[in-house]
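Working notes for the structure below.
Naming: A, B, ... by sequence-line order, numbering from 1 per chain. Note: hydrogens, waters and symmetry copies are ignored here, and every other heavy atom, side chains too, is used.
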Protein chains: 2
Amino acid sequence: MAQKNRLQFIILGLLNIESKTGYDLTKAFDSDIGEFWTANHSQIYPLLKKMEKDQLITHHEEQAGPKLVKKSYDITTAGKAAFQEWLKEPSEADNSHDEFILKLYFIDSKNSPLLPEMINEQKQARAEKLNHLKQQLKDKFPTEKEKQQQNGHYNVLKHAIQRETDYLKWLDEIN
Amino acid sequence: MAQKNRLQFIILGLLNIESKTGYDLTKAFDSDIGEFWTANHSQIYPLLKKMEKDQLITHHEEQAGPKLVKKSYDITTAGKAAFQEWLKEPSEADNSHDEFILKLYFIDSKNSPLLPEMINEQKQARAEKLNHLKQQLKDKFPTEKEKQQQNGHYNVLKHAIQRETDYLKWLDEIN
DNA sequence: TATTAACATGTAATTAATTACATGTTTTTG
DNA sequence: CAAAAACATGTAATTAATTACATGTTAATA
């Protein structure tokens with residue numbers, strides 16, 4: 001997909017919180033942000049170079065061990081401005097590329113022998129996802145304090161939980 | 001995105017219904033399928049060539065005017081098998097790339113001056129989408145007959161409507 | 001009948017994203 | 001202390017997708 005380089009803004013958003021290495025950024029997509037966006041380190045490292053060339057970020061080096069030197073990236077004033085600009089722009093809702101929905105579209109008959117198995121598999125996958133999200137909510141937002149401090153993250157998690165819950169409800173209906 | 005070539009299976013699914021030209025396929029993404037998947041003609045024509053080379057489809061030419069010759073594509077036995085195979089495989093749920101959610105994640109404070117405008121804009125966009133979907137449902141499924149004949153399409157539309165409805169509900173909650 | 005819109009089919013250039021290749025350091029654990 | 005896991009940083013090859021370029025036909029309409 002040749003998209004609107006949203007990854008760049010995610011990186012700016014993360015660096016806006018605090019200075020991070022390419023590895024730190026990569027890790028972020030394994031946890032928090034990974035819940036709703038994906039990125040590989042092989043995409044992140046080259047993009048960091050490009051963003052630095054574009055003067056949205058800079059980097060400084062840190063001696064992290066006897067031999068290891070870490071590159072830590074910092075957002076620039078221009079980067080902060082670009083990030084704020086992006087926040088203000090209208091958002092596009094990329095139609096979610098849901099493979100199950102796609103398949104379902106092509107199954108015209110209510111009596112297709114494929115349907116029960118497909119629906120069950122999907123129910124299980126979605127239920128697992130829902131459990132995982134609920135666990136995340138427990139782990140990351142144990143008290144009101146966290147909800148206040150990271151209200152965006154909280155809203156996003158709540159949204160994901162609602163989405164999965166509603167998806168499961170719909171799966172029950174078409175059964 | 002270097003994905004799992006789902007477009008190929010959409011094309012197979014559409015050709016499995018009936019023979020179509022590249023233009024017909026392109027049009028399908030402006031209406032029905034466009035509700036949940038996108039593709040440009042510049043992606044479709046080269047893919048048709050590749051799929052023909054892979055013997056998933058063939059084509060025949062039709063004299064459509066004094067000068068115009070249309071290329072109509074047909075699914076092969078191998079194509080039908082590949083399509084059925086795909087239907088049976090487990091489905092992956094690509095985390096929907098929703099830009100609004102992404103932005104929200106980075107807004108930590110409930111009192112951010114950006115929030116009200118962002119939420120309103122999103123509410124309006126989603127409400128419009130919902131209206132459009134409801135109209136589609138009316139237009140394409142006026143009676144029980146259509147629901148029986150195209151149950152897959154019906155389910156997918158119902159799902160989209162539920163999704164937008166729930167999304168709007170959630171937007172009200174975070175307001 | 002001239003113009004415009006829709007039909008119809010491609011290619012080229014660029015950007016985005018995945019998978020695989022490649023290498024080295026540091027910390028943990030058995 | 002040896003091995004494994006996690007940390008850390010890149011590049012290369014390939015695939016997917018968008019935007020722009022390019023050309024011609026047919027039907028509708030003014």
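Side-chain contact, B/Glu99 with B/His97: no donor N or O sits under 3.5 Å from an acceptor N or O. B/Asn131 and B/Gln135 share no donor-acceptor pair across their side chains, judged by distance under 3.5 Å alone. Between the side chains of B/Asn40 and B/Tyr45, no donor-acceptor pair of N or O atoms lies under 3.5 Å. In this model, no donor atom of one side chain and acceptor atom of the other lie less than 3.5 Å apart for A/Thr76 and A/Thr58.
For C/dC7, the OP1/OP2 oxygens have no side-chain nitrogen or oxygen of B/Thr26 closer than 4.0 Å. For C/dT9, one of the phosphate oxygens OP1 or OP2 lies less than 4.0 angstrom from a side-chain nitrogen or oxygen of B/Thr21.
Between the C1' atom of C/dT23 and the OH atom of A/Tyr23 lies a distance of 15 Å, rounded to the nearest Å. Counting to the nearest Å, the P atom of C/dC7 and the NZ atom of B/Lys67 are 20 Å from each other. Between B/Lys70 atom NZ and D/dG24 atom C1' there is a gap of 15 Å when expressed in whole angstrom units. Rounded to whole Å, atom C1' of C/dT25 lies 17 Å from atom NZ of A/Lys71. Atom NE2 in B/His97 sits roughly 11 Å away from atom C1' in C/dA16 (whole-Å rounding). Computed from coordinates, the B/Leu68 CG to C/dG10 P distance equals 11 Å when rounded to whole Å. With rounding to whole Å, B/Phe29 atom CZ is found 12 Å from D/dA17 atom C1'. If you take NZ of B/Lys4 and C1' of D/dT14, they are 16 Å apart, rounded to a whole angstrom.
Of the charged side-chain nitrogens involved, none lies within less than 4.0 Å of a carboxylate oxygen, so that A/Asp74 and A/Lys20 do not count as a salt-bridged pair. A salt bridge links B/Asp172 with B/Lys123: the distance from a Lys NZ or Arg NE/NH1/NH2 to an Asp or Glu carboxylate oxygen falls below 4.0 Å.
With sequence neighbours left out, the ring-ring contact (aromatic ring centres under 6.0 Å, His included) criterion links B/Phe141 to B/His153, B/Tyr154.
Under the 30°/60° scheme for interplanar angles, the aromatic rings of A/Trp86 and B/Phe106 are found to stand perpendicular.
With the end axes of the helix from C/dT1-D/dA30 to C/dG30-D/dC1 each set by five pairs, the angle from one to the other reads 30° at 10° resolution.
With distances taken from any side-chain atom of B/Leu7 to the nucleotides D/dT9, C/dT9, D/dA17, the minimum falls on D/dA17.
At least one donor-acceptor pair under 3.5 Å links the side chain of B/Gln162 to the backbone N or O of A/Asp166.
A heavy atom closer than 4.0 Å to some atom of DNA chain D occurs in B/Asn40, B/Ser42, B/Gln43, these being the qualifying members of residues 39-52 of chain B.
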